[in-house]
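Numbered from 1 within each chain, the chains take letters A, B, ... in sequence-line order. The shown structure was predicted, so the numbers you read here are calculated from the model rather than taken from an experiment.
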Number of protein chains: 4
Amino acid sequence: MNRGRPRSGHVDEAVADAVRALLAEAGYQALSIDGVAARAGVGKAGIYRRWRSKAEMVFAVVVHGPHPVAPADSGSLRADLSALAEHIIDLLSGPYARLVLPGLTADLSADPALAARFQAGVIDAERALVAEILDRARARGEDAGDDPAFVHALLLGPIYTYLFLAGGEVPPGLADRLASAAVAALGTKESP
Amino acid sequence: MNRGRPRSGHVDEAVADAVRALLAEAGYQALSIDGVAARAGVGKAGIYRRWRSKAEMVFAVVVHGPHPVAPADSGSLRADLSALAEHIIDLLSGPYARLVLPGLTADLSADPALAARFQAGVIDAERALVAEILDRARARGEDAGDDPAFVHALLLGPIYTYLFLAGGEVPPGLADRLASAAVAALGTKESP
Amino acid sequence: MNRGRPRSGHVDEAVADAVRALLAEAGYQALSIDGVAARAGVGKAGIYRRWRSKAEMVFAVVVHGPHPVAPADSGSLRADLSALAEHIIDLLSGPYARLVLPGLTADLSADPALAARFQAGVIDAERALVAEILDRARARGEDAGDDPAFVHALLLGPIYTYLFLAGGEVPPGLADRLASAAVAALGTKESP
Amino acid sequence: MNRGRPRSGHVDEAVADAVRALLAEAGYQALSIDGVAARAGVGKAGIYRRWRSKAEMVFAVVVHGPHPVAPADSGSLRADLSALAEHIIDLLSGPYARLVLPGLTADLSADPALAARFQAGVIDAERALVAEILDRARARGEDAGDDPAFVHALLLGPIYTYLFLAGGEVPPGLADRLASAAVAALGTKESP
DNA sequence: CCTTAAGCGAGACGGTACGTCGGGTCTTCGT
DNA sequence: ACGAAGACCCGACGTACCGTCTCGCTTAAGG
């Protein structure tokens, strides 16, 4: 049985609001636990009771999960992948992800436990979407390979590169071009 | 003419050694200017006189530039791209890049000036290599498209994804598969 | 009429035990309400229901009051005062008083209400003992002055000084010497 | 040779001012290092660089030492001791000592090193004054005993008792009465 | 007997202060 | 003028307690 005073949902809400507000104002690096606590009108202990680090907190608040985005079934592999790529572009250039992802990625590299949760909650979820799209294509008789992780990397990687390693903007038509590249790659023998 | 005592090369060496040692011991996030100064037996002022931030210092020391890697000319676009991909994999999974890149990427997103220098010094240099490879292919009569940046993103992005967003390891044969995908993409009309 | 569940004596016992144990282990300053509650297996509310502060709690537990030490009647003022001084020395150098008094005194200076209770429960009680001794002496025809508080200060003050302001140890024979000093002071005209 | 930037006297002054102001406003217990740093416009590190605790800081600032109060030589032991007692009363009921002493005494009991410094800097200094007075009296042919520490305790103890253990006020004429008591005690054989 | 008020252990709550660490700047002396 | 050294102000860190407040559960007295 659960003993003691139960945790208050109000804290979670207030922290989530404060995190989003402060991220928008100053970005991930400038976000501090002290600052969030003060802005949320919450004790620091209430935050540390829930999350062990800034990275965990932001991860929980911003990446918390609405990734159930069912992949559209347009009847063609290329169109499905293009839609998925467009979805990833939207996600990564969205209001918060853009501010959060580089810093969060850095923290992941120093916290294997959190990295595992990111892997499971975000990467694996997206790979599952790719797998579903490929399965459907295979059912239709299209050539769909057998490595959803590779196809996923072929979509996510270039998008991440444009956004966070190169200039910061995604070129127009990128989703289509990535989908075409992926389809072309699937229809190729890798060694001559 | 320069007056006063000239800068001592000894400082640069000592700092470079200290940065490498401390990176290996504790990683990028745990690296501090104080720590580097103490380890190098150097004053903090001597460091700030050279670089404006931790990110600049590490960037200068670790990514300092020896990227003159002439792209091998193997006579085939696919083989050239594969060699380049292999080179990128080696670079990114090298001893320091692996420890440094996620944190450095995060700092880039908060320091536009440094981001521009990273863009110019690393991204543009690699894009130029791709451009050279594509030019050679075109001269040979192969289909080479007109967007080296896209081809570069197609190589670097998935590698970065595997190393820093997903598990941390690059699957075997990745360089070949990426090169094949790029070549296939180039031989495709992007709109049906 | 008292309704509701009556207070459990078990709490008082458990708290008293915990306070004594923790005092012995770490002293007054390191004693915390959280610590006492945890050690006693008691809720913090149960403690705050009984006492308003750490000082009150410790005061109640350690100085709880059994000071009814009837002053021995030896037939001589000097001997009576010496016995009382010896008693005070024993009290103040006892196992807990020694750990508690300096900190408790400090808290008194910040809590007038508690100070008044300390004054009434400890100081006034001891002054009453002195008054009784002086009355007996006066009845015997000895010179006993008319200011028990002064005589009491003449006994308690030096003892406190030796124990808590100077080194920490009471010199041998102190009780006798203080009694002699007090008697001598009583037999003196204060202004020539 | 001393290397590095020397400590700034401005910090010492600012801290001393802030400590005095905050003591007057809220007392010793409510004084915090954070508060002093903020009020003084000084970093906490600057404080911790100088003193290891609140008690050390306050001790250094308030009790800093100028106790060179030469003992008046009035030609009589009783008058000298009375003057000294009056001086002690003034000291202890002075603006800061009153706020500081109880809390400081408490901290002494938890910090033997500081206790030793208090003993050496304050108690021993006052005992030396007593010793000097007694020496002068002995030179005059008066009976002066051989235990300055005892005489000192006979003066300081009752004063401390009145101020910090009993009500808080010193009764009028106390200095004279303590001096008389001390003189009387010196002229007495301690064992019947 | 059955309500019901108050007690109980537990522990979360908003806060404050702790002592430490790092950032980026400034100031000394010696080279 | 540069060098090492190190103090400067600032602000965040993660921890520990404070005193208060819910929880769900006894526990007895009063109706």
Side-chain angles (χ1 to χ4, degrees), chain A residues 1-8 10-11 14 29-38 40-50 52-54, chain B residues 2-8 10-11 14 29-38 40-54, chain C residues 1-8 10-11 14 30-38 40-54, chain D residues 1-11 14 30-38 40-50 52-54:
Chain A
M1 81 197 74
N2 275 340
R3 299 208 287 176
R5 177 175 175 174
R7 293 195 181 161
S8 159
H10 151 74
V11 171
Q29 348 274 330
L31 189 84
S32 72
I33 302 272
D34 274 341
V36 170
V42 144
K44 282 205 287 176
I47 295 180
Y48 281 108
R49 210 172 282 127
R50 288 168 168 73
R52 301 190 313 100
S53 67
K54 175 170 102 171
Chain B
N2 278 340
R3 307 229 300 145
R5 176 174 177 178
R7 290 192 184 166
S8 157
H10 155 264
V11 171
Q29 348 274 331
L31 187 85
S32 72
I33 301 273
D34 277 337
V36 170
V42 145
K44 284 206 287 176
I47 294 181
Y48 280 107
R49 207 172 288 126
R50 287 168 170 74
W51 306 285
R52 301 190 310 101
S53 66
K54 174 170 105 171
Chain C
M1 71 210 74
N2 277 340
R3 306 234 300 144
R5 177 175 176 175
R7 291 192 183 165
S8 158
H10 155 264
V11 171
L31 188 83
S32 73
I33 301 272
D34 276 338
V36 170
V42 143
K44 284 205 289 176
I47 294 180
Y48 280 107
R49 207 172 287 126
R50 288 168 169 76
W51 307 286
R52 299 188 315 101
S53 68
K54 174 170 104 170
Chain D
M1 78 199 74
N2 274 340
R3 298 210 287 176
R5 176 175 176 173
R7 293 195 182 162
S8 159
H10 150 74
V11 171
L31 188 84
S32 72
I33 302 271
D34 275 338
V36 170
V42 144
K44 283 204 287 178
I47 294 182
Y48 282 108
R49 210 173 282 127
R50 287 169 169 73
R52 300 190 314 99
S53 66
K54 175 171 103 171

Just the rounded figure in Å: distance from [atom2] of [N] to [atom1] of [X].
| X | N | atom1 | atom2 | answer |
| --- | --- | --- | --- | --- |
| C:Ile33 | E:dG9 | CD1 | C1' | 16 Å |
| C:Arg3 | E:dA6 | CZ | C1' | 9 Å |
| A:Leu31 | F:dC13 | CG | C1' | 14 Å |
| B:Ile47 | F:dC2 | CD1 | P | 16 Å |
| A:Gln29 | E:dG23 | CD | C1' | 15 Å |
| B:Asp34 | E:dT25 | CG | P | 13 Å |

Selected nucleotide, minimal atom distance to D:Arg50 side chain, candidates E:dC18, F:dC13, F:dC8: F:dC8
Nucleotide of E:dT25, E:dT4, F:dC13 approaching B:Tyr48 most closely (side-chain heavy atoms): E:dT25
5' precedence on DNA chain E between A:Val11 and D:Lys44 (nearest-nucleotide basis): A:Val11
5' precedence on DNA chain E between D:Ser32 and C:Pro6 (nearest-nucleotide basis): C:Pro6
So, does [X] get its side chain near the phosphate of [N], meaning an N or O under 4.0 Å from OP1 or OP2?
| X | N | answer |
| --- | --- | --- |
| D:His10 | F:dC8 | no |
| B:Arg52 | E:dG23 | no |
| C:Arg7 | E:dG7 | yes |
| D:Arg49 | F:dC8 | yes |

Upstream residue (5' side of DNA chain F) when D:Ala40 and B:Gly46 are each assigned their closest nucleotide: B:Gly46
Pairwise 5' ranking along DNA chain F for D:Ser8 and A:Ala30, keeping only the more 5' one: D:Ser8
Any donor-acceptor N/O pair, D:Lys54 side chain to D:Leu31 backbone, under 3.5 Å: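 Side chain of D:Lys54 to backbone of D:Leu31: a pair is present.
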Sugar-phosphate, base or nothing in reach of D:Gly35, heavy atoms under 4.0 Å: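 D:Gly35: no heavy atom of the nucleic acid under 4.0 Å.
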Sugar-phosphate only, base, or nothing, as touched by C:Lys54 at under 4.0 Å among non-hydrogen atoms: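 Answer is nothing: C:Lys54 stays at 4.0 Å or more from every strand.
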Partner set under side chain to side chain donor-acceptor pair (under 3.5 Å) for C:Arg50, not counting sequence neighbours: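 Once residues adjacent in sequence are excluded, the partners of C:Arg50 under the side chain to side chain donor-acceptor pair (under 3.5 Å) criterion are C:Asp12.
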Heavy atoms from other residues, nucleotides or ligands near CZ of D:Arg52 exceed 12 (cutoff 6.0 Å): no
Nearest heavy-atom neighbours spanning B:Lys44 and B:Ile33: CD-CG2, 4.2 Å
Heavy-atom closest pair, residues D:Gly43 and D:Ala37: C-CB, 4.3 Å
E:dC8 base / C:Arg5 side chain donor-acceptor hit below 3.5 Å: no
